[in-house]
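Single-structure report; data block below.
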Amino acid sequence: MEFLILLIGLLFGTVLAAGVGERIRLPYPVLMLIFSALIAFLPIIPEVHINPELILPLFLPPLLYAAAQRSSWSVFRLRWRSLVLLAVALVAVTVAVVAGVSWAMIPALGLPAAIALGAIVAPPDPVAVEAVAGKVKMPRRLITVLQTEGLFNDAIAIVIFQAAVAASTSGGEVGWDVVPRFLIGAAGAVLLGLAMAWLVGSLNRFVPNMVARSAATLVAPYAVYLIAEEAHFSGVVAVVVTALELGRRARPQDSEERLTRTAFWDVVEMLTTGVAFGLVGIEMRYIIEDEGAELLGFVPGIAAVCVAVLVVRFLWMLGIYRLGGTEMNRVPGSLKEVLVLTWCGMRGLATLALALALPGTTMAGEALPGRNFVVACAAAVLVVTLVIPGLTLPWLMRVLKLPDNHRDADRKERELALRAERAAIESMKRSTAIAQLPPERRAVLAKRMSSLHSMLQGDDEPDPQKLLDRKATLELMDVVQREAMDAARREVLAARRRPGTDPEAVDRVLRRLDLRTVTMDHRERH
């Protein structure tokens, strides 16, 4: 009962933090972490511990799925260099440097435990990055790079962590077998994610209830994550692949369902993020209490590890910039962007969960050497990389005044919008139902489709939540209009496969097509 009361309190706290964050222009996850860490020391707050083994399975699947469904396979094909250089190579380099620094500062730690520490603090948390970076005026290409990095970097970190823990508890060493384990786990996860997407897609065609189909997307991330972990595959990769493949399988005529699902997942993501960061803040109290006076002796080593984490990321981003960026439009493209991408290397849920999952004893029953230092160091890195950047990122963006590529992005969106409009007009002309409409209705449709390109540009999107609960039968005008909008969507999807097309612009135009389709339906029915 105490945990249930705490959970309800965190849910209400999330809503309050979201409102306060909007007013003072600070990310609500950081406010939740600070707020929960402070109130955790109050005597009226019950001492509630959540099993560390449950933190990742409970929170990571829905949050990864929510972030991944805003992307697409096309974006990943465009950003594959970011994926390799940041989600894989940077994590591996950070593990190596942190392990070396911590082992040099605390020789009694042992190399396997030092490697485990490196794996704990290496991956920026996708939840933290998405929640914080998405709330400030950051260039779209930087947000996309951070999202790409955050979706997959946990996979390699978890594999290295598991190998290091096994070596620490058994007295062995961490070998190169980590590499084939990661590759096999990732390959198996990809196949499992594709299978789960096919299963959910088949279920959606069988189930007529739209609410039930949306609920299936909440069950799928948990199911595929747990199955992947039981099969010793990467649960992170499996969830991301499931979300991307379900997005690829979306049908043009399901605009209203996609908007329903988007609204549903926006609520799930906000509440889950708030609760996760709230629990992180509460757990930090127990870490401080458990370590006690030993924390003072850990300060030099902790400081060295925090500096190493920041310096490695900065030098890595600087090296990418000097080599010409990770993508064809140069990311990072300036020293200012190097600084922003360094500042956005925020650790969070995954770091704390892995630290708490570190066993206290070896297989021989002895205390695990250096465990207190590892846990305390992980908590310090979390504060340094999450709380401080989270509070200062809005100020940093105002000071740097980064130039955005809005003009180039708008041009690409305008080209796609014009293609969609031409496809919609051609479909309307070929429609067999349009001949049965009165001339004045045909004129309304023609005028509406002729202005489609202007509707699909800009950021003045209608609120999807106001467009959902609408029931009525479709008339002939709706049939023609739906066919035209479906043709427009197919044209935009076809453009995605052509060389030189910006997949991010495609995704934005597709979302606006869904919104405009439902808007037009709403006008005709009322």
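Please read all numbers here as calculations on a predicted model, not as lab measurements.
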Distance col, row Ile156:CD1 vs Leu183:CG, nearest 0.5 angstrom, shows 9.0 Å
Heavy-atom pair with the smallest gap, counting every atom of Lys336 and Leu400: NZ-O, 3.0 Å
Name of the residue among Val98, Ile158, Thr351 meeting side chain to side chain contact (heavy atoms under 4.5 Å, CB included) with Ile120: Thr351
Heavy-atom closest pair (Tyr225 atom, Pro57 atom, distance to 0.1 Å) is CE2-CA, 3.7 Å
Identify the heavy atoms of Val384 and Cys306 that sit nearest to each other, and give their distance. CG2-SG, 4.0 Å
Using only atom types and a distance under 3.5 Å, with no angle test, would you say the side chain of Tyr222 pairs donor to acceptor with the backbone of Leu58? yes
For the residue pair Val101 and Val307, establish whether any side-chain heavy-atom pair is separated by less than 4.5 Å. no
Interatomic distance, Cys344 atom SG to Leu386 atom CG [nearest 0.5 angstrom]: 11.0 Å
Is it true that atom CZ of Phe314 has more than 12 heavy atoms of other residues, nucleotides or ligands lying nearer than 6.0 Å? no
Can you list, pair by pair, the side-chain donor-acceptor contacts under 3.5 Å of residues 239-248, counting residues two or more places apart and other chains?
from, atom 1, to, atom 2, distance (Å)
Thr242, OG1, Gly193, O, 3.4
Thr242, OG1, Ala238, O, 2.8
Glu245, OE1, Trp73, NE1, 3.2
Glu245, OE1, Arg248, NE, 3.1
Glu245, OE2, Arg248, NE, 3.2
Glu245, OE2, Arg248, NH2, 2.6
Glu245, OE2, Arg249, NE, 3.3

For the atom pair OH (Tyr321) and OG (Ser334), what is the distance rounded to the nearest 0.5 Å? 6.5 Å
Treating Thr385 as the side-chain partner and Met346 as the backbone partner, does any N or O pair qualify as donor plus acceptor under 3.5 Å? no
Taking the side chain as every heavy atom from C-beta outward, state whether Glu149 and Leu90 have any pair of such atoms under 4.5 Å apart. yes
Only one of Val93, Val95, Thr94 passes side chain to side chain contact (heavy atoms under 4.5 Å, CB included) with Val97, and that residue is Val93
Residues Ala376 and Phe298: closest non-hydrogen pair is CB-CD1, 4.0 Å
Evaluate the criterion side chain to side chain contact (heavy atoms under 4.5 Å, CB included) for residue pair Phe233 and Ile227; output intermediate values, then yes/no. CA-CA 8 Å; Phe233 295 154; Ile227 294 172; over 6 Å; no
Compile the donor-acceptor pairs under 3.5 Å between side chains in residues 107-119 and protein atoms, sequence neighbours left out, one pair per line.
none

Nearest 0.5 angstrom please: Leu226 CG to Glu229 CD, how far? 8.0 Å
Kindly indicate whether the side chain of Ser234, heavy atoms from C-beta on, has any atom under 4.5 Å from the side chain of Val159. no
Which heavy atom of Ala66 sits nearest a heavy atom of Glu269, and at what distance? CB-CD, 3.8 Å
Does Trp103 have more than 12 heavy atoms from other residues, nucleotides or ligands lying within 6.0 Å of its CH2? no
Between the side chain of Asn153 and the main-chain N/O of Pro124, is any donor-acceptor distance below 3.5 Å? yes
Any Pro221 side-chain heavy atom under 4.5 Å of Leu64 side chain: no
Closer than 3.5 angstrom, by distance alone: can the side chain of Arg347 be matched with the main-chain N or O of Ala122 as a donor-acceptor pair? yes
Exercise: identify the closest heavy-atom pair between Val91 and Pro123: CG2-CA, 4.4 Å
Would you say that Thr273 contacts Thr14 through its side chain, given a criterion of any heavy-atom pair below 4.5 Å between the two side chains? no
At what distance, to the nearest 0.5 angstrom, does CG of Leu310 lie from CD1 of Ile388? 9.0 Å
Could you verify whether a donor N or O on one side chain and an acceptor N or O on the other, from Thr392 and Trp343, lie under 3.5 Å apart? yes
Could you walk me through whether Leu86 and Leu146 satisfy the side chain to side chain contact (heavy atoms under 4.5 Å, CB included) test, starting with their C-alpha distance in whole Å, then the side-chain angles of each, then the deciding distance to 0.1 Å, before giving a yes or no? CA-CA 9 Å; Leu86 301 180; Leu146 291 170; over 6 Å; no
Do His232 and Arg181 come close enough that some side-chain heavy atom pair is under 4.5 Å? no
Treating Arg313 as the side-chain partner and Leu341 as the backbone partner, does any N or O pair qualify as donor plus acceptor under 3.5 Å? yes
Side-chain heavy atoms of Thr272 within contact of Phe59, under 4.5 Å: yes
Taking Leu85's backbone N and O only, do any of them form a donor-acceptor pair with Trp316's side chain (distance below 3.5 Å, no angle check)? yes
Close side-chain approach of Tyr65 and Val268, heavy atoms under 4.5 Å: no
Output the distance between atom CG (Leu16) and atom CG (Leu11), rounded to the nearest 0.5 Å. 13.0 Å
Keeping the roles fixed (side chain from Ser102, backbone from Ala99), state whether a donor-acceptor pair exists under 3.5 Å. yes
